Amino acid sequence: MTTFTVGYLIGSLARDSINRKLAKALIRLAPETLEFHEISFGELPIYSYDYDADYPPEARAFKAAIKRSDAVLFVTPEYNRSIPGGLKNAIDWASRPYGTNAFARKPSAVIGTSPGAIGTAVAQQSLRSVLGFLNAPQMNAPEAYIQFTPGLITDDGEVTVGSTEEFLRTYMEEFHTFIARVLTVLPREE
């Protein structure tokens with residue numbers, strides 16, 4: 001099996017985010033052929049096209065980290081029936097200026113957790129719309145709307161419910177298969 005590098009973005013900037021716990025769980029349960037690195041975005045200023053001629057260093061580093069990745073995994077909460085503003089800002093930085101979109105042809109997957117019964121379903125649909133516009137191939141199945149309950153995932157990323165653990169393991173195996181399929185048809189540009 002081919003090994004792929006996956007950059008992951010956690011939509012919440014909170015240190016104790018339940019989505020950070022979910023990301024840790026996904027990494028623990030992923031096939032060994034997926035190597036992960038977090039792509040943080042908390043230091044990015046608010047995007048404006050005024051920066052297009054001279055991107056600040058943190059924005060250049062952010063965009064380069066996405067370009068270095070074979071695929072991108074979004075682990076995001078839902079804020080006001082959409083994605084957090086910080087995540088949208090980061091996506092804007094990585095996709096601008098026109099013609100320099102770091103997400104183009106980059107396999108992607110979207111997942112998230114919330115205490116609510118529908119998990120992060122609406123935020124994920126919002127993010128999928130943005131990724132579609134950015135020409136980022138998306139893993140459409142399995143969908144994963146995780147309702148977070150106290151103790152479901154430990155701080156170290158251990159899943160305490162067997163059926164959830166198995167579902168997340170399968171999700172990550174499917175993500176590996178999806179990445180391989182996309183990169184066979186759309187090889188990475190060197």
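Only a predicted model underlies this, so the values are computations on that prediction, with no experimental measurement involved.
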For the pair Asn19 (side chain) and Thr113 (backbone), establish whether a donor and an acceptor sit closer than 3.5 Å, ignoring hydrogens and angles. yes

Mind listing the closest non-hydrogen atom pair of Pro77 and Ala123 along with its distance? O-CB, 3.7 Å

Sub-4.5 Å side-chain heavy-atom contact between Glu38 and Arg20: yes

Do Ser40 side-chain atoms and Gly42 backbone N/O form a donor-acceptor pair below 3.5 Å? no

Assigning hydrophobic clusters by single linkage (Ile, Leu, Val, Met, Phe, Trp, Tyr; side-chain heavy-atom cutoff under 4.5 Å), is Leu73 placed with Phe103? no

Taking the six-membered ring for Trp, are His176 and Phe4 ring centroids under 6.0 Å apart? yes

Ser108 vs Phe74, side-chain contact (heavy atoms from CB on, under 4.5 Å): CA-CA, chis, key distance, verdict: CA-CA 8 Å; Ser108 63; Phe74 294 88; 4.3 Å; yes

Under a single-linkage definition using a 4.5 Å side-chain heavy-atom cutoff for Ile, Leu, Val, Met, Phe, Trp and Tyr, are Leu127 and Leu44 assigned to the same hydrophobic cluster? yes

Smallest separation among heavy atoms of Leu152 and Gln147, with atom names: CD2-O, 3.7 Å

Can you check side-chain contact (heavy atoms from CB on, under 4.5 Å) on Ile179 and Leu183, steps first, answer last? CA-CA 6 Å; Ile179 296 166; Leu183 294 180; 3.7 Å; yes

Any donor-acceptor pair under 3.5 Å from Asn101 side chain to Arg96 backbone: no

Lys/Arg-Asp/Glu bridge criterion (N-O < 4.0 Å) met for Asp155, Lys21: yes

Using a distance-only test with no angle check, is there a side-chain donor-acceptor pair under 3.5 angstrom linking Lys63 and Thr100? yes

With a 4.5 Å cut-off on side-chain heavy atoms, are Pro45 and Glu58 touching? yes

Quick one: pull up CG in Asp156 and NZ in Lys24 and give me the separation to the nearest 0.5 Å. 6.5 Å

Would one find more than 12 heavy atoms of other residues, nucleotides or ligands at under 6.0 Å from atom CG of Asn80? no

For Arg60 and Asp54, run side-chain contact (heavy atoms from CB on, under 4.5 Å): C-alpha distance rounded to whole Å, both residues' side-chain angles, the deciding distance at 0.1 Å, then the answer. CA-CA 9 Å; Arg60 286 194 303 270; Asp54 186 23; 4.0 Å; yes

Shortest non-hydrogen contact from Lys106 toward Ala102: CE-O, 3.6 Å

How close do Thr76 and Gly11 get, heavy atom to heavy atom, and via which atoms? OG1-CA, 3.6 Å

Side chains of Leu26 and Leu168: closer than 4.5 Å at any heavy-atom pair? yes

Give a yes or no on whether the backbone of Thr160 and the side-chain of Thr164 come within a donor-acceptor separation of less than 3.5 Å. no

Test: Glu143 and Arg128 ion pair at under 4.0 Å: no

Side-chain hydrophobic cluster, 4.5 Å single linkage: members besides Tyr79: none

More than 12 heavy atoms of other residues, nucleotides or ligands under 6.0 Å from CD of Glu43: yes or no? no

Run the side-chain contact (heavy atoms from CB on, under 4.5 Å) check on Phe148 and Leu22 step by step: do they pass? CA-CA 9 Å; Phe148 195 89; Leu22 176 59; over 6 Å; no

Heavy-atom check, side chain of Pro31 versus side chain of Met172, under 4.5 Å: yes

Does the Ser69 side chain pair with the main chain of Ala65, one donor and one acceptor, at a distance under 3.5 Å? yes

To the nearest 0.5 Å, how far apart are CD in Glu78 and OH in Tyr145? 10.5 Å

Would Asp92 and Tyr49 count as having a side-chain donor-acceptor pair, cut-off 3.5 Å? no

Mind listing the closest non-hydrogen atom pair of Tyr171 and Ala109 along with its distance? OH-CB, 3.5 Å

Examine Leu186 and Phe175 and state if one hydrophobic cluster contains both, with Ile, Leu, Val, Met, Phe, Trp and Tyr joined whenever side-chain heavy atoms are less than 4.5 Å apart. yes

Could you grab the distance from atom CG of Leu131 to atom CD1 of Ile91, nearest 0.5 Å is fine? 6.0 Å

Quick one: closest heavy-atom pair of Lys88 and Val130, and the distance? CE-CG2, 4.4 Å

Interatomic spacing from OH in Tyr98 to CG in Asp52 - rounded to 0.5 Å: 13.5 Å

Atom CG in Leu87, atom OG in Ser12: separation rounded to 0.5 Å? 10.5 Å

Taking Thr5 for the side chain and Asp70 for the main chain, is one N or O donor matched with an acceptor at less than 3.5 Å? no

Ring-plane angle category for Trp93 and Tyr55, please: parallel below 30°, perpendicular beyond 60°, tilted otherwise. perpendicular

Hydrophobic clusters here meaning ILVMFWY residues chained together by side-chain heavy-atom distances under 4.5 Å, can you tell me if Ile27 and Leu9 are in one? no

I'd like to know if Ile153 and Tyr8 are part of one continuous hydrophobic network [Ile/Leu/Val/Met/Phe/Trp/Tyr, side-chain heavy atoms within less than 4.5 Å]. yes

Given Arg169 and Glu173, is the salt bridge (charged side-chain N to carboxylate O under 4.0 Å, His left out) satisfied, shown in steps? CA-CA 6 Å; Arg169 180 178 283 111; Glu173 289 167 355; 5.0 Å; no

From Thr33 OG1 over to Glu35 CD, what is the distance, rounded to the nearest 0.5 angstrom? 9.0 Å

Share the residues that join Ile46 in a hydrophobic cluster, the rule being Ile, Leu, Val, Met, Phe, Trp or Tyr side chains under 4.5 Å apart at the heavy-atom level. none

Is a side-chain donor or acceptor of Thr120 paired with a backbone partner of Gln124 at a separation under 3.5 angstrom? no

